[in-house]
**Q** 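Sharing a structure, written as structure tokens. Questions coming.
Each chain gets a letter, A, B and so on, in the order its sequence line appears, and its residues count up from 1.
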Number of protein chains: 2
Amino acid sequence: MIEIATQAGAAAQPRTPLSKARVLDAAVALADEGGVDALSMRRIAQALGVVPMALYKHVANKNELLDGMIDVVIGEIDPPADGADWKTAIRRRVLSARRMLLRHPWASGVIESRMKARANPTLVVMEYLDSMIGIFRGGGFSIDLTHHAMHVMGSRLLGFSQELFEDGAGRDPEPDMPPPEEIAARFPHIAELAMAVAHDDESVVGSGCDDQFEFEFALDLTLDGLERLHGDP
Amino acid sequence: MIEIATQAGAAAQPRTPLSKARVLDAAVALADEGGVDALSMRRIAQALGVVPMALYKHVANKNELLDGMIDVVIGEIDPPADGADWKTAIRRRVLSARRMLLRHPWASGVIESRMKARANPTLVVMEYLDSMIGIFRGGGFSIDLTHHAMHVMGSRLLGFSQELFEDGAGRDPEPDMPPPEEIAARFPHIAELAMAVAHDDESVVGSGCDDQFEFEFALDLTLDGLERLHGDP
DNA sequence: ACCTGAACACCGTTCAAGT
DNA sequence: ACCTGAACACCGTTCAAGT
């Protein structure tokens, strides 16, 4: 009876044994809902009903955990559509990657921080890059142009927007900020642009700026540029 | 005598009173030499010969410190060259920003993390953006095209390379990485590219890839694309 | 042999005690 | 009134003690 009672009590925390996949899934879920700041070894362990040290049996350290989380989300990107020309194949895959990033807003920051830390790309990321290179090569790009294309695309290959600022809506008004009219007077060009954009599409609430449109605009400008270089060498 | 001895002892730590500028300069210097991970309130205080809490008289918290550091390095970017057409004016300024980023490798990460935190851009950053918008407008860009141009340029306006990976040289060989020949077999397109690049310019040691050239290549492809949109609407 | 609690060396920031 | 040391609530990770 004592054993049964103990098992009933243990049923609150999952009985399925810990695995690397379960640790990574818990970490991704935690980051999805609370952002990357809410991600700590202690908190992942708590979510799994496990003592913090138990995690270190499945991931060597936090960096390996982050790499594993990257692999999980990269795996969500659609495989390359076959039969399409290089331009639409690249385009579709990048847009799929962007949808993944919108589901996992923490991912771009984690990927970037792992790059800055001079970490090696994971095998999953290399697989992704290899397949992207293959699309350019299959489209008839020379090795040199493919090399340049990979640099030109850069993080956009993974759906990064490369914008300076995120959507401005829902930002805390800072106390030391001058009032809007003074801002407008000091930065006339920003004010002019903000006015025009706000007036342009009144339908969209918030930023008054269609992120998806701007992303595709920039992506197409880049792909068109590459196509031109590919066409007349 | 005791007072003199005390002053002589105090001469080891700077006697000039603390100011926001001195705090920021110390923080920038610390980040320049040790990276952003070496940056902590406690360590800045130590470098200034001051108790940690003394910093909070000049910066409200660490976020305000980071914003101040951003302002310091943005201030190092050359002012816009007047008399030049829009394209060379933008080009020169972006290249100046890139030189700044190479001097302060931590800056891009700090700027990005402040963006992700949905912080408002500082007045110094807004001044920079306002002047960049002004260059496009002065070059005859319509409001709409200027708006798109600012999105297309994105973080490249501040000299960001937007590359997926930094220079691969000097990276720790990870233990779980397969041997090079297996990598080459699993990722044939990457291998082909790496071989070609390494063979291409044997003069450059390390990555075998000219970062400055690739940056300008991508920048010019973008500016050419904008010029084309500007020219034939 | 395995698991894990306590401990270590940090961190940003608060707060009360001391001058 | 001002300054600051100790303390708080964290963090990733080590390590020895207990089973």
**Q** Enumerate the salt bridge (charged side-chain N to carboxylate O under 4.0 Å, His left out) contacts for residues 93-102 of chain B, please, sequence neighbours excluded, ordered by first and then second residue.
**A** Asp78(B)-Arg99(B)
**Q** Starting from C1' on dG12(D), measure out to CD1 on Ile44(A) and report it in whole angstrom.
**A** 11 Å
**Q** Can you name the side-chain contact (heavy atoms from CB on, under 4.5 Å) partners of Ala27(A), sequence neighbours left out?
**A** Leu39(A), Ile44(A), Leu65(A), Met69(A)
**Q** How far does CD1 of Ile90(A) sit from CD1 of Ile135(A), to the nearest 0.5 angstrom?
**A**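 That separation rounds to 4.5 Å.
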**Q** Separation of Leu55(A) atom CG from dT14(D) atom C1', in whole Å?
**A** 15 Å
**Q** Can you list every side chain to side chain donor-acceptor pair (under 3.5 Å) pair that touches residues 30-56 of chain B, not counting sequence neighbours?
**A**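 Checked against side chain to side chain donor-acceptor pair (under 3.5 Å) - neighbours excluded - the pairs reaching residues 30-56 of chain B are Asp32(B)-His104(B), Asp32(B)-Trp106(B).
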**Q** Side chain of Lys57(B): nearest nucleotide among dG12(D), dG12(C), dT4(D)?
**A** dT4(D)
**Q** Mind listing the N/O atom pairs, protein and nucleotides 5-11 of chain C, below 3.5 Å?
**A**
residue : atom : partner  : partner atom : Å
dC11(C) : OP1  : Ser40(B) : OG           : 2.9

**Q** What is the distance from CG of Leu65(B) to C1' of dG12(C), rounded to the nearest Å?
**A** 12 Å
**Q** Pairs counted only when both distances fall under 3.5 Å, Watson-Crick or G-U: show me the 5' to 3' dot-bracket for DNA chain D, [ ] for pseudoknotted crossings and | for other-strand partners.
**A** ||.|||||...|||||.||
**Q** Send over the distance from His58(B) NE2 to dC2(D) P, rounded to a whole Å.
**A**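 Computing the His58(B):NE2 to dC2(D):P distance gives 14 Å.
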**Q** Give every residue pair that meets the salt bridge (charged side-chain N to carboxylate O under 4.0 Å, His left out) criterion with at least one member in residues 46-59 of chain B, sequence neighbours excluded.
**A** none
**Q** Which residues pass the side-chain contact (heavy atoms from CB on, under 4.5 Å) test with Leu101(A), sequence neighbours left out?
**A** Ala107(A), Ser108(A), Phe160(A)
**Q** What pairs of donor and acceptor atoms, side-chain ones from residues 187-194 of chain B against any protein atom, are under 3.5 angstrom apart with sequence neighbours left out?
**A**
residue   : atom : partner   : partner atom : Å
His189(B) : ND1  : Asp130(A) : O            : 3.4
His189(B) : ND1  : Asp130(A) : OD2          : 3.4
Glu192(B) : OE1  : Arg137(A) : NE           : 3.0
Glu192(B) : OE2  : Arg137(A) : NH2          : 2.8

**Q** When rounded to the nearest Å, what value does the distance between P atoms of dC8(D) and dA7(C) take?
**A** 16 Å
**Q** Taking only residues two or more places apart in sequence, or in another chain, which ones meet Lys20(A) in a side-chain contact (heavy atoms from CB on, under 4.5 Å)?
**A** Leu24(A), His58(A), Val59(A), Glu64(A)
